Amino acid sequence: MTAPAARAAQLRRLLDEANHRYHVLDDPAIPDAEYDALLRELQAIELAHPDLASADSPTQRVGAGVLPGFAEVVHEQPMLSLNNAFSDEEVAEFVQRIEKQLGVAEPEFSVEPKLDGLAISLRYEQGLFVRGATRGDGATGEDVTQNLRTLKAIPLRLRGQAPPVLEVRGEVYMPRAGFEAYNARMRETGGKVLANPRNGAAGSLRQLDPRLAAARPLAFYAYGLGVTDGWTLPARHSQMLQALRGFGFPVSPEVSVARGLGGLLEYYAAIGARRDALAYDIDGVVYKLDHHDQQKAMGFVSRAPRWAIAHKFPAQEQLTTVEAIEVQVGRTGALTPVARLAPVQVAGVVVTNATLHNADQIARLDVRVGDTVIVRRAGDVIPEVVRVVAEKRPLDAHGRPLHAPFEFPSTCPACGSPTEAVRKVLKQTKAGGIEYAEGAAIVCTGGLFCPAQRKQAVIHFASRRAMDIEGLGESLVEALVDFDYVRTVADLYALGLDDFLAMRRRADERDGTVPETVKAGKVATKWAENLIEAIAASQATSLERLLFALGIRDVGESTARTLARHFGALQPIMDADEATLCEVPDVGPVVARRIAGFFAEPHNREVVEALRKAGVRWTEGAPQRSAQGPLAGQTVVLTGALAVMGRDEAGDRLQALGAKVSGSVSKKTSFVVAGEAAGSKLEKALALGVEVWDEARLLDFLNSHPAG
DNA sequence: TGGCCTCGAGTTCA
DNA sequence: CTCGAGGCCA
């Protein structure tokens, strides 16, 4: 062997090994830079000695020239589809059918996650990768050999004792991290972003230019076989997968063996719980009878095997259309765009709204009316618009988009006042310029002149954690403000039976609803009486609730409580200057200015006076500047469901003993009380080594330390 | 000045 | 629940 030939062979071995460890074993042996250097060296040798080039060389992975189109490939053994199960019952039927037909109880299944990618078939002859094809319609697919060669997870040469012919089937997919990184790069360079990892995988393989495919972060897992020649199949599917690993194929580490219906459902739940944590998207799990002879005995129906089934997860992403983009006005005047969507089931609930957060988010997504969008309910519950499906945007006769990009109104949709961009100042540069953070908020300048803000102020005032007026909900407040029965929160206390009934009539007339409640006059009267009673009941309250209810910006529950304790009474708070307010713990210059500014407004002082006159009374006492009691100085976090007294009451009792009750766990937390189904907070507590109490221990403690 | 630790505010749906 | 930002401490 000549020197270049020997070196080339050595380089191929090194590169193949590095590839295998990186993509199959997930255990990189050499740094990327070194891999690149070796690859370039090999390319140089092959360029200088074309006779040394070979189809299985790692250099072939970088992608050759543009393909003229894809040749058809007839699958010698068809690539079948799987029947789907969407419920536990359907899985139970599947298992029962097998048990009955085979006469076995609790058969064993090979189980694996169902990747959301593209099924392909890889053909190896004498251990060499000769052809790769898409599934196509199952009988005929497309020859995408050149593109598949660029996937480093696909071995070009099998390891070990390779049979003369081996067809391996599996899924090409795009890991989420690779998808995100690729899209980020495309956004930067103005390239085309991919809609989702699945489309990314499918689109990449159908790229006519393998160099483009090579740039896509694709991966592969093997899960089955096509035709083989000269290989004695192991008795079980799970053993076969193990053998494929031996040949150098990546097989999902999640594959396992489960027994009977119970085992299947357990696996389904276990994978489902980890779904978001996986590196790739999955849309369910697949169960396959593990013993090949049992598979053979079950056979096929039409185009799907009767020995396997895909158990699907409820879809987390759905396509729907944007019917309108509306703008909401919040309590602080912030304008929030909301997409009204055609109702669609996502992960078990019907979604009709999704927030678009702010102008930047809208601009980034470029959402327009009529667009088809992907909606997701990710780890949390709140739906979001992931992206627009550009190809489905409605066009006019000239092929131009039917709708212009969304623009924020220059006037408030509720009151017509001009809107204003409140940009957050990031930092002042030395030259005197100002850098702004992204995410400029647009606010209405109308203040309490704006009915939307007035409504929100009243809703906040009546809310459970503020004045706790039962039955005074959003729609009712809306009507009260619209018909001018309520201008300030104090007006609530002047409302009489007739007001409510008259307003109800006007509201029903306006909305065109035939009011059953008015027909049955008694019912409506009862409704109004209950409301008046609830409003009257809120007259007796506490200083902290009142302070919170007033809706001073940046004064939430916690700050309201601190203020109430520190001053003991309302008047000294109203009279305090900024410096005095800054003495209050957790109150700094920003919050102090908000509070002083609020009470400097004659209008706000009038509202307080009107509330007093309307009979609102609150507890006042001596200033309490430092917490006392057995838990003084301790910070406690409550999490999970408490059976006996509920979190709110438990919090009150703990505070009465001097504890500070907080919402987030940190290393400063004294202890965490964890009830049933405690989640991330308990996890964090354990991670930080914070003491954890169960409910019984809390009750013991409270019982042995009566408050006061 | 930087880096936690909190709090406040906004959001959806059963 | 998450994000952003105010407040506090080193």
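Chain letters run A, B, ... following the sequence lines, proteins first and then strands; every chain starts at 1. Because the structure is a prediction, the values reported are computed rather than measured.
Closest contact between the side chain of D586(A) and the listed nucleotides dC8(C), dA14(B), dT12(B) involves dC8(C). For V591(A), the side-chain atoms get nearest to dG6(C) when compared with the rest of dT6(B), dT11(B), dG6(C). When distances are taken from the side chain of K667(A) to each of dG8(B), dC13(B), dC5(B), the shortest belongs to dC5(B). For R553(A), taking side-chain heavy atoms from C-beta onward, the closest of the listed nucleotides dG7(C), dT12(B), dA9(B) is dA9(B). Among the nucleotides dC13(B), dT11(B), dC7(B), the one closest to the side chain of T336(A) is dT11(B). Considering only side-chain atoms of T332(A), the nucleotide from dT12(B), dA9(B), dT6(B) that sits closest is dA9(B). The side chain of S666(A) lies closest to dC5(B) when the candidates are dT12(B), dG10(B), dC5(B). The side chain of S558(A) has dG8(B) as its nearest neighbour among dT6(B), dC13(B), dG8(B). Of the candidates dC13(B), dT6(B), dT11(B), the closest approach to any side-chain atom of V351(A) belongs to dC13(B).
Spacing between atom CZ of F548(A) and atom C1' of dC7(B) amounts to 11 Å, rounded to whole angstrom units. Rounded to whole Å, the distance from CZ on R340(A) to C1' on dC13(B) is 13 Å. Distance, K684(A) NZ to dC1(C) P: 13 Å, rounded to whole Å. One interatomic measurement links the two molecules: CG of L563(A) to P of dG7(C), which rounds to 12 Å at whole-angstrom precision. Following rounding to the nearest Å, E384(A) (CD) and dC3(C) (P) show an atom-to-atom distance of 10 Å. Between L550(A) atom CG and dG8(B) atom P there is a gap of 14 Å when expressed in whole angstrom units. dG8(B) atom P lies 18 Å from atom CD of Q456(A), rounded to whole Å. One interatomic measurement links the two molecules: NZ of K681(A) to C1' of dT6(B), which rounds to 12 Å at whole-angstrom precision.
Below 30°, between 30° and 60°, or above 60°: for F483(A) and Y485(A) the angle between ring planes is above 60°, a perpendicular geometry. In this structure, F461(A) and Y493(A) have perpendicular ring planes: the angle between them is above 60°, well past the 30° mark.
Of the side-chain N and O atoms in N353(A), none sit less than 4.0 angstrom from OP1 or OP2 of dT11(B). Phosphate proximity of dC13(B) to T352(A): present, with a side-chain N or O under 4.0 Å from OP1 or OP2.
Other residues, nucleotides and ligands contribute at most 12 non-hydrogen atoms within 6.0 Å of the CD atom of E470(A).
If you find the closest nucleotide of DNA chain C to K668(A) and to D554(A), the one lying nearer the 5' end belongs to D554(A).
The existence of a salt bridge linking R393(A) and D366(A) is confirmed by a sub-4.0 Å separation between a basic side-chain nitrogen and an acidic carboxylate oxygen.
Counting heavy atoms from C-beta on, the side chains of L265(A) and H311(A) come closer than 4.5 Å. Side chains of D482(A) and K455(A) form a contact here, defined as non-hydrogen atoms less than 4.5 Å apart.
Within 4.0 Å (heavy atoms only), K660(A) reaches sugar-phosphate atoms of the nucleic acid but no base atom.
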